[in-house]
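In this chain, numbering begins with 1 at the start of the sequence shown.
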Amino acid sequence: MLCCPRTASHPVDLIITKERTLRDNFTVTDINDSIVFTVKSPLVTIVTPREHRFLHDAHGNPILHLRRALLAASDCWEAFSGKSTEPKDLIFTRKRSSLFQLRTTLNVFLANNTTKVCDFKVKANLSARSWVVYIGESDTVAAKIKKKFGSVFSREKFMVTVSPNIDYAFIVGLIVTLDD
């Protein structure tokens, strides 16, 4: 999926902390509080009206460039390798399954998918502040996400369990596009 997949043969637990300031920045740590990834968001301006987020590894190397579609109502994000926006570097596209829905469902299509069947599906349980990522249309869970609020609303945490053999950089890329 990504050029340097980050997978494990066992479930991986991650904590994603979102800092709400003028821009949304995220720090992703493992259960030992070691930084695994960081996500930086440049300011959205008139010059750059699209929202962008950049996922970096613990050493600051760019892994994903997440770019929101120009029409925010479409709730569509694209993920590219590194800092690229070239079509050849597209990794996945994430969009709502339909414009009007009672329960949020998002479809994820990998770049090489030529069908209309999604590769992953994200289902939200907003009352429980949780999401589950499924592989395609199956009941196979790729990741579980639970949102927890900090003592101040400027900081939010997501508790994440990524299933074995699933790229956790990919899952983090999805999560940082969920909470808008």
Discussion item. Val108 vs Asp119, test: side chain to side chain contact (heavy atoms under 4.5 Å, CB included). Steps then yes/no.
Written reply: CA-CA 6 Å; Val108 181; Asp119 296 291; 5.8 Å; no

Worksheet entry | For Ile15, the rest of its hydrophobic cluster, which grows through side-chain links under 4.5 angstrom | Met159

Worksheet item: Who else is in the cluster with Phe80 when I, L, V, M, F, W and Y are joined by side-chain contacts under 4.5 Å?
Response: Leu90

Less than 4.5 Å apart, any side-chain heavy atom of [X] and any of [Y]?
{"X": "Leu178", "Y": "Leu106", "answer": "yes"}
{"X": "Val28", "Y": "Ile35", "answer": "no"}
{"X": "Leu55", "Y": "Phe26", "answer": "no"}
{"X": "Ile16", "Y": "Thr27", "answer": "no"}
{"X": "Phe109", "Y": "Phe92", "answer": "no"}
{"X": "Val176", "Y": "Leu66", "answer": "yes"}
{"X": "Asn61", "Y": "His56", "answer": "no"}
{"X": "Trp77", "Y": "Arg53", "answer": "yes"}

Nearest-0.5 Å distance, [atom1] of residue [X] to [atom2] of residue [Y]:
{"X": "Ser9", "Y": "Asn165", "atom1": "OG", "atom2": "CG", "answer": "7.0 Å"}
{"X": "Leu64", "Y": "Leu174", "atom1": "CG", "atom2": "CG", "answer": "9.5 Å"}
{"X": "Phe37", "Y": "Ile175", "atom1": "CZ", "atom2": "CD1", "answer": "10.5 Å"}
{"X": "Asp167", "Y": "Thr7", "atom1": "CG", "atom2": "OG1", "answer": "7.0 Å"}
{"X": "Ser130", "Y": "Lys144", "atom1": "OG", "atom2": "NZ", "answer": "9.5 Å"}
{"X": "Ile171", "Y": "Ile166", "atom1": "CD1", "atom2": "CD1", "answer": "6.5 Å"}

Discussion item. With side chain to side chain contact (heavy atoms under 4.5 Å, CB included) as the criterion, how do Trp131 and Val133 come out once you've worked through the C-alpha distance, each side chain's angles and the decisive distance to 0.1 Å?
Written reply: CA-CA 7 Å; Trp131 295 264; Val133 181; 5.7 Å; no

Fill in: Cation-aromatic face contact Lys146/Phe158, 6.0 Å, 45 degrees
no

Worksheet item: Donor-acceptor pair, Asn25 side chain versus Glu19 backbone, under 3.5 Å?
Response: no

Fill in: Arg94 side chain vs Thr177 backbone, donor-acceptor pair below 3.5 Å
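It does hold such a pair.
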
Output all residues satisfying side chain to side chain contact (heavy atoms under 4.5 Å, CB included) with [X], sequence neighbours left out; order by chain, then residue number.
{"X": "Asp33", "answer": "Thr29"}
{"X": "Thr114", "answer": "none"}
{"X": "Ser34", "answer": "Asp30, Asn32"}

Fill in: Results of ring pair (Phe, Tyr, Trp, His ring centres under 6.0 Å) for His65 - residues two or more places apart only
His52, Phe54

[X]: which residues meet the side chain to side chain donor-acceptor pair (under 3.5 Å) condition with it, sequence neighbours left out?
{"X": "Thr115", "result": "Asn113"}
{"X": "Asp139", "result": "none"}
{"X": "Asp89", "result": "Ser84"}
{"X": "Thr161", "result": "Asp13"}

Item to complete: For side chain to side chain contact (heavy atoms under 4.5 Å, CB included), just list the numbers for Val122 and Val132, CA-CA rounded to whole Å, side-chain angles, deciding distance to a tenth of an Å, and then say yes or no.
Response: CA-CA 6 Å; Val122 182; Val132 177; over 6 Å; no

Discussion item. Salt bridge or not between Lys148 and Glu156? Use side-chain N to carboxylate O under 4.0 Å.
Written reply: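 Looking at Glu156 together with Lys148, the answer is no, because their closest N to O distance does not fall below 4.0 Å.
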
Worksheet entry | Lys121/Glu137 ion pair, N-O < 4.0 Å |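 Yes, this pair counts.
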
Worksheet item: Looking only at heavy atoms, which two atoms of Ala143 and Ser163 are closest? And how far apart?
Response: N-OG, 4.2 Å

Item to complete: Could you walk me through whether Ile63 and Arg6 pass the side chain to side chain contact (heavy atoms under 4.5 Å, CB included) test, one step at a time?
Response: CA-CA 11 Å; Ile63 299 172; Arg6 287 148 179 89; 3.6 Å; yes

